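To start, the structure under review is shown below, and the notes come after it.
These numbers were taken from a predicted model, which means no experiment stands behind them. Along the sequence shown, residues carry numbers from 1.
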Amino acid sequence: MTTSATALGHVALPTPTSPVDESTLRDITTEVLNRWPSAGVAVAVVHDGDLAWFHGPGVADTSPKEPVTEDTVFRTRSVTKTFHAVALM
């Protein structure tokens with residue numbers, strides 16, 4: 001089992017047995033959303049520069065209830081400081 005550091009904390013990831021284990025990735029996404037509720041989130045796996053898997057539970061914007069898609073742009077604002085700090089660790 002490996003661990004991935006994210007802006008939300010450390011999430012335990014299983015050692016991959018196939019390119020994309022959709023069931024496990026959906027379970028991990030559900031676990032993260034249960035710990036840190038959010039209106040929506042985008043989760044993707046990129047392999048050799050191509051999108052291998054995408055899951056976008058929730059909504060991108062709560063007013064018009066737009067779903068999260070592969071083209072959703074999230075406005076991160078000052079949160080990027082956290083991403084950079086974690087990346088440098």
Test item: [X] and [Y] side chains (from C-beta on) under 4.5 Å apart, heavy atoms:
| X | Y | answer |
| --- | --- | --- |
| Val41 | Leu33 | yes |
| Val68 | Phe74 | yes |
| Val59 | Pro67 | no |

Task: Over all atoms of both residues, closest heavy-atom pair of Asp21 and Thr24 - done: OD2-OG1, 2.6 Å

Task: Minimum heavy-atom distance Leu51-Ala44, with the two atoms named - done: CD1-CB, 3.7 Å

Task: Same cluster (ILVMFWY, side-chain, under 4.5 Å), Val73 and Val46 - done: no

Taking atom [atom1] of [X] and atom [atom2] of [Y], what is their separation to the nearest 0.5 Å?
| X | Y | atom1 | atom2 | answer |
| --- | --- | --- | --- | --- |
| Leu25 | Thr30 | CG | OG1 | 10.5 Å |
| Phe54 | Asp71 | CZ | CG | 8.5 Å |
| Glu31 | Trp36 | CD | CH2 | 8.0 Å |

Open item on the list: Listing request: all side-chain hydrogen bond (donor to acceptor under 3.5 Å, both in side chains) pairs with a residue in residues 55-65, at least two apart in sequence or in separate chains.
Closed with: Arg26-His55

